[in-house]
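Questions regarding the structure given below will be posed in turn.
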Number of protein chains: 2
Amino acid sequence: MKESTQNQTDNKAFTEECHTVLTAVSDALYVIGGKWKLMIIIAMARGNKRFTEIQKQVTGISARVLSSELKDLELNGFIIKKVENGYPVTIEYELLPYSQTLEELVGAMTRWGIQHREKVKAEMGSEKSNKQ
Amino acid sequence: MKESTQNQTDNKAFTEECHTVLTAVSDALYVIGGKWKLMIIIAMARGNKRFTEIQKQVTGISARVLSSELKDLELNGFIIKKVENGYPVTIEYELLPYSQTLEELVGAMTRWGIQHREKVKAEMGSEKSNKQ
DNA sequence: CGGCATCCAAATAGATACTG
DNA sequence: CAGTATCTATTTGGATGCCG
C-alpha cells in the first residue's frame, strides 16, 4: 500500500481511477444524497412504517418534504407504498430488499459520525477553555 | 439476524438505537453532506492539489462554490491551504490525516454507486425496449 | 391520518466581470 | 492562477389551509 518510485505510470492510472470513483460517488449522491433519504431509510429499518411515525423519528422534516422524499425512494426501488383498504384506509411504507444494499454505507456513515462527534468534543475541551 | 418472538423488548432498544444512528448520520451529513465535499476530497487524494486541478477533476463545480467548499473543508480539519511565496505565489491544498478517516465511507459509497449504476442499466435492458 | 396546493421566504448556484 | 464581488435565476423549504 505504499508507493513512491515510478510516479509517471501511477499518475495515469490514478487519473482514471479518480474518474471512476468520482463518477460512482456522484451516482450514489444523486440517488441517496440530501439531508433526508438515508435518514428515512434508517427510520424505516427500525420498524417505522407510517407517514407520521417516520416524520416523528426523522426530526425536523416537514410533511411536504417527507412526502416528496418517499416518492423519490419509491421511484428508485427502495420502498413501496402499501394501501390497505379498511375503515379507515391505512397506508404503510415498506422497505424493499434493495434498501439493504445500503447497509454497509449506512454503517460506515454511522461510525464516522460517531467518531467525528467525539473528535469535535475532544477539540472543544483542549482549546484552552475557549468557551463561546 | 432474525427475530420475531419478543417484540416489546426489541422495540424500545430499537427506538434508542434508531436515535443514535440517526444522530450520527445527521452529524456526518452536516459535515460531509452536499454534492461536492466528498468529491473534492477524492480528487485531492488522487494528487490534485491546485485550485484549477481540483476544479477540472470535479466536473461541474464553479470557482465560487469550490472556493467556499475548500474553506469549509479547512475549517473542519480535512485540508490545509499552503501558500508558497515565489514568482508567482503558488497555492496548494493538502489533505490532512483526518481526511483518511473517510476512507471506509468513501469506499462504501463508491461500491454502492457502481453496483447501483449496474442495477439501473440492467433494468433499462429488461424493460421491454422502453426507450425514451 | 396522509397527504397536495398555494404562497412566500431563504438558501443555493450560475454567469460575468474584475483583482493581485 | 486563484480567487472575490455582484447580480440574477433556480431550487428548496416552511407555513398554512384544504381534502378524502
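Here is how names work: the chains are called A, B, and so on, in the same order as the sequence lines, proteins then strands, and each is numbered from 1.
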What's the spacing between B:Ser26 OG and A:Leu38 CG if we round to 0.5 Å?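 Going from OG on B:Ser26 over to CG on A:Leu38, the span is 11.0 Å.
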Could you list the residues that satisfy salt bridge (Lys or Arg N to Asp or Glu O under 4.0 Å) with A:Lys81, not counting sequence neighbours?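 For A:Lys81, no residue satisfies salt bridge (Lys or Arg N to Asp or Glu O under 4.0 Å) once neighbours in sequence are set aside.
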State the CZ-CD1 distance between A:Phe51 and A:Ile91, to the nearest 0.5 angstrom.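 So the CZ of A:Phe51 and the CD1 of A:Ile91 are separated by 9.5 Å.
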Show me the donor-acceptor pairs, under 3.5 Å and distance only, between side chains in residues 99-115 of chain B and residues at least two apart or in other chains.
from     : atom 1 : to       : atom 2 : distance (Å)
B:Ser99  : OG     : B:Leu96  : O      : 2.8
B:Thr101 : OG1    : A:Trp112 : NE1    : 2.9
B:Thr101 : OG1    : B:Tyr98  : O      : 2.6
B:Glu104 : OE2    : A:Arg111 : NE     : 3.3
B:Glu104 : OE2    : A:Arg111 : NH2    : 2.5
B:Thr110 : OG1    : B:Val106 : O      : 2.7
B:Arg111 : NE     : A:Glu104 : OE2    : 3.2
B:Arg111 : NH2    : A:Glu104 : OE2    : 2.4
B:Trp112 : NE1    : A:Thr101 : OG1    : 2.9
B:Gln115 : NE2    : A:Tyr98  : OH     : 2.9
B:Gln115 : NE2    : B:Trp112 : O      : 3.4

Between C:dC4 atom P and A:Leu66 atom CG, what is the distance in whole Å?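 That distance rounds to 10 Å.
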Check the distance between C:dC4's C1' and A:Glu69's CD and give it to me in whole angstrom. 16 Å
Enumerate the residue pairs fulfilling salt bridge (charged side-chain N to carboxylate O under 4.0 Å, His left out) with a member in residues 60-71 of chain A, sequence neighbours excluded, ordered by first and then second residue.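 Of all non-adjacent pairs touching residues 60-71 of chain A, those that pass salt bridge (charged side-chain N to carboxylate O under 4.0 Å, His left out) are A:Lys37-A:Glu69.
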Axial bend angle, the helix from C:dC1-D:dG20 to C:dG20-D:dC1: five-pair end segments, nearest 10°: 50°
Close approaches to DNA chain D from residues 37-60 of chain B, in residue order (heavy atom, under 4.0 Å):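 Contacting residues: B:Arg50, B:Phe51, B:Thr52.
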Check this for me: A:Lys119, atom NZ, are more than 12 non-hydrogen atoms of other residues, nucleotides or ligands nearer than 6.0 Å?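 Yes - once you tally the heavy atoms of other residues, nucleotides and ligands closer than 6.0 Å, there are more than 12.
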Sort and list the pairs that fulfil side-chain hydrogen bond (donor to acceptor under 3.5 Å, both in side chains) and have at least one residue in residues 46-60 of chain A, not counting sequence neighbours.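 Of all non-adjacent pairs touching residues 46-60 of chain A, those that pass side-chain hydrogen bond (donor to acceptor under 3.5 Å, both in side chains) are A:Arg46-B:Glu17.
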Gap separating the OH atom of A:Tyr93 from the CG atom of A:Leu73, nearest 0.5 angstrom: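 Answer for the OH-CG pair, A:Tyr93 versus A:Leu73, is 10.5 Å.
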State plainly whether one hydrophobic cluster holds both A:Leu29 and B:Val120, where clusters connect Ile, Leu, Val, Met, Phe, Trp and Tyr through side-chain heavy atoms under 4.5 angstrom apart. no
Side chains of B:Arg117 and A:Thr23, heavy atoms from C-beta outward: is any pair under 4.5 Å? yes
At under 4.0 Å, does any side-chain N or O of A:Ser67 touch on OP1 or OP2 of C:dC4?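 Yes.
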For A:Lys71 and C:dC4, give me the distance from atom NZ to atom C1', rounded to whole Å.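 One finds 7 Å between C1' of C:dC4 and NZ of A:Lys71, rounded.
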Reading DNA chain D 5' to 3', which nucleotide is the first, and which the last, to come under 4.0 Å of any heavy atom in chain B? D:dC1 to D:dC7
Where along residues 73-90 of chain B does a heavy atom come under 4.0 Å from DNA chain D, residue by residue in number order?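 When residues 73-90 of chain B is checked for heavy atoms under 4.0 Å from DNA chain D, the hits, listed by number, are B:Lys81.
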Where B:Leu95 and B:Ile79 come nearest, the two heavy atoms and their spacing: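 In terms of heavy atoms, the two residues are closest at CD2-CG2, 3.7 Å.
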Using a side-chain heavy atom cutoff under 4.5 Å and only I, L, V, M, F, W and Y, what cluster partners does B:Leu75 have? none
Return the set of residues passing salt bridge (Lys or Arg N to Asp or Glu O under 4.0 Å) with A:Glu74 (not counting sequence neighbours), or none when no residue passes.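 Scan of A:Glu74 (salt bridge (Lys or Arg N to Asp or Glu O under 4.0 Å), adjacent residues dropped) gives none.
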Which is true for B:Lys35 with a 4.0 Å heavy-atom rule: it touches a base, it touches only sugar-phosphate, or it touches nothing?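 Nothing, no heavy atom under 4.0 Å.
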Protein N or O to nucleotides 15-20 of chain C N or O, pairs below 3.5 Å:
none

With a 4.5 Å limit on heavy-atom distance, are the side chains of B:Val58 and B:Leu66 in contact?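 A side-chain contact is absent here, since even the closest heavy-atom pair is not under 4.5 Å.
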With sequence neighbours excluded, residues passing side-chain hydrogen bond (donor to acceptor under 3.5 Å, both in side chains) with A:Asn76: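 With sequence neighbours excluded, A:Asn76 shows a side-chain hydrogen bond (donor to acceptor under 3.5 Å, both in side chains) to no residue whatsoever.
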